[in-house]
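Each chain gets a letter, A, B and so on, in the order the sequences are listed, and its residues count up from 1.
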2 protein chains.
Amino acid sequence: MLKVDPTLIKDLKAFSGLEMAELELMLGEAQSSYFAKGDAFFREGERATRFFVLLDGYLQVVRTTENGEQVIMRHFAPGEVFGIAPALQRETYPANAIAVADCVALHWPNKCWEDFASRVPRFLKNAHGAVGERLNASQDRIIEMATEQVERRVARAVVRLVNQAGKKTEHGIRIDIPVSRQDIAEMTGTTLHTVSRIFSAWASLGLVEVGRQKIEVLSAHKLVTIAEGH
Amino acid sequence: MLKVDPTLIKDLKAFSGLEMAELELMLGEAQSSYFAKGDAFFREGERATRFFVLLDGYLQVVRTTENGEQVIMRHFAPGEVFGIAPALQRETYPANAIAVADCVALHWPNKCWEDFASRVPRFLKNAHGAVGERLNASQDRIIEMATEQVERRVARAVVRLVNQAGKKTEHGIRIDIPVSRQDIAEMTGTTLHTVSRIFSAWASLGLVEVGRQKIEVLSAHKLVTIAEGH
DNA sequence: CGAGAAATTGAAAAGATTCAACTCTCGTGG
DNA sequence: CCACGAGAGTTGAATCTTTTCAATTTCTCG
């Protein structure tokens with residue numbers, strides 16, 4: 001349980017447009033927790049009791065099929081709300097939320113949701129906006145899976161990772177979280193073998209530099225060309 | 001513009017749990033319109049000005065890719081809200097909504113949304129619940145596309161159609177809207193040829209009876225077996 | 001009855017997966 | 001400090017699924 005100052009969080013997406021007084025009200029009810037890499041914020045099917053805002057770190061939302069395959073649904077960066085079952089009238093969490101880097105998150109018991117509905121309406125609006133974006137992103141991904149072949153899907157996944165977790169380096173942009181071939185496969189609906197082959201091909205074109213759980217993009221432009229197919 | 005009686009709509013999903021007075025209030029602000037088969041309720045990217053509840057008929061939500069391919073995102077049956085951009089802080093409609101049978105829908109200008117927030121809160125809750133279900137359905141479909149092969153995806157699509165538009169017949173269940181091989185292909189991310197081959201195979205197993213834009217399921221049980229893989 | 005849309009089907013080709021063997025990297029513990 | 005073992009990655013070959021191309025056929029509506 002850490003102390004959090006309103007000025008530190010006022011620019012986060014989840015809190016955008018909130019008054020200082022509203023932030024303080026929300027912080028007054030909040031708990032903040034540390035989650036080590038690999039920890040679960042919550043698990044699929046678990047009774048939803050709280051909702052979260054990620055302050056620092058990085059997390060994955062993952063669903064598992066009956067036969068044990070994993071599908072990475074999306075990633076969250078600092079500033080995003082997640083686990084907002086009450087916004088959707090849900091009783092349970094729909095997926096596993098796993099820290100892929102050490103994380104700090106604020107969270108509130110669900111009863112605060114109704115509270116904030118009247119006292120911090122802007123927060124709810126932001127959250128509903130986030131839901132809309134996610135629904136849209138899901139649909140984009142369905143279209144992608146339905147119409148694009150694997151190399152392009154992989155390129156898009158890498159572009160998204162670069163946008164969400166890219167750090168400039170000497171020669172390009174490095175993805176600042178450990179991502180394995182298997183992870184990319186679970187993000188794109190393919191196998192780690194196919195991802196490995198694609199990466200090898202890209203590397204020999206000088207497009208990326210890859211290593212153990214490491215991806216560095218040397219030519220973002222060419223990668224986008226593959227992703228978007230111009 | 002048709003007159004609509006509150007008792008006719010009180011059992012629809014979108015209005016579940018509403019008081020008679022609330023229904024009357026909503027109907028007072030509503031307009032009802034007829035949409036012929038093939039008409040668009042709204043189009044992708046269009047400025048969102050109103051939200052809808054389908055009273056009768058059947059509609060498809062379709063998105064088109066840059067290179068002209070269509071993907072059928074979902075179908076709506078009577079009783080469902082759609083085009084609820086204000087619930088998601090959206091300015092535009094995210095997709096095309098096309099009547100696949102003659103339809104009647106209620107609709108309201110967006111400004112009513114804020115109104116209903118305070119005066120018919122239950123309606124908003126229902127709508128948010130619907131959004132949650134749709135987000136979930138989208139994610140299920142992503143998983144399906146990522147992990148299942150075509151035959152199973154087609155089987156699932158047919159099962160969904162049966163659930164949403166199935167009519168009992170002498171020997172089985174007929175899908176009560178015209179659905180072409182191409183339509184199934186756009187629902188499952190494959191080609192009409194592959195769908196045709198799958199249907200032919202199923203037909204020769206006595207599982208379905210298919211024809212021009214016609215699907216009749218003779219053994220729902222076996223179809224579910226293919227869909228779920230038990 | 002004719003025209004056009006919808007559907008079927010074979011054959012070839014492409015794309016991706018599966019299987020299997022092997023290599024590399026990194027952290028740990030002797 | 002080095003060796004070793006496990007996890008991560010690579011790559012060839014065979015195989016499988018699905019698509020693509022092309023030629024026909026069937027159906028339905030006007």
Can you list every salt bridge (charged side-chain N to carboxylate O under 4.0 Å, His left out) pair that touches residues 99-109 of chain B, not counting sequence neighbours? none
D:dA8 P sits how many Å from A:Glu186 CD, rounded? 11 Å
Taking the six-membered ring for Trp, is the centroid-to-centroid distance between B:Phe41 and B:Tyr93 below 6.0 Å? no
Counting C-beta onward and ignoring hydrogens, is there a side-chain heavy-atom pair between B:Phe51 and B:Pro86 closer than 4.5 Å? yes
Under 3.5 Å, is there a donor-acceptor pair between the side chain of A:Arg63 and the main chain of A:Ala95? no
Length of the CZ-P vector between B:Arg181 and D:dT25, whole Å: 19 Å
Give the rounded distance in Å between these two atoms: CD of A:Glu148 and P of D:dT19. 14 Å
Shoot me the first and last contacting nucleotide of DNA chain C against chain A, ordered 5' to 3', at under 4.0 angstrom to non-hydrogen atoms. C:dA16 to C:dC26
B:Phe76 and B:Phe82 aromatic ring geometry - parallel, tilted or perpendicular at 30°/60° bounds: parallel
So, is A:Ser196 near the phosphate of D:dA8, with a side-chain N or O under 4.0 Å from OP1 or OP2? no
Take atom CG of A:Leu192 and atom P of D:dA8, then tell me their distance rounded to the nearest Å. 10 Å
Between A:Pro94 and A:Glu44, which heavy-atom pair has the shortest distance, and what is it? O-CG, 3.5 Å
Rounded off to whole Å, could you give me the CD-to-P distance for the A:Gln213 and D:dA6 pair? 17 Å
When the distance from CD of B:Glu151 to P of D:dC16 is rounded to whole Å, what number comes out? 16 Å
May I ask you to decide if the ring planes of A:His128 and B:His128 are parallel, tilted or perpendicular, using 30° and 60° as cut-offs? parallel
Any side-chain N or O of B:Thr194 less than 4.0 Å from the OP1 or OP2 oxygen of D:dT19? yes
It should be established whether A:Ser200 places a side-chain nitrogen or oxygen under 4.0 Å from OP1 or OP2 of nucleotide D:dT11. yes
Nearest-nucleotide 5' precedence on DNA chain C, A:Val150 against B:His193: B:His193
Heavy atoms only, 4.0 Å cut-off, all strands: where does A:Arg212 land among base, sugar-phosphate and nothing? base
B:Lys214 NZ - D:dC27 C1' separation (whole Å): 12 Å
Suppose we call a contact any N or O donor and acceptor under 3.5 Å apart; does that hold for the side chain of A:Arg197 and the base of D:dG9? no
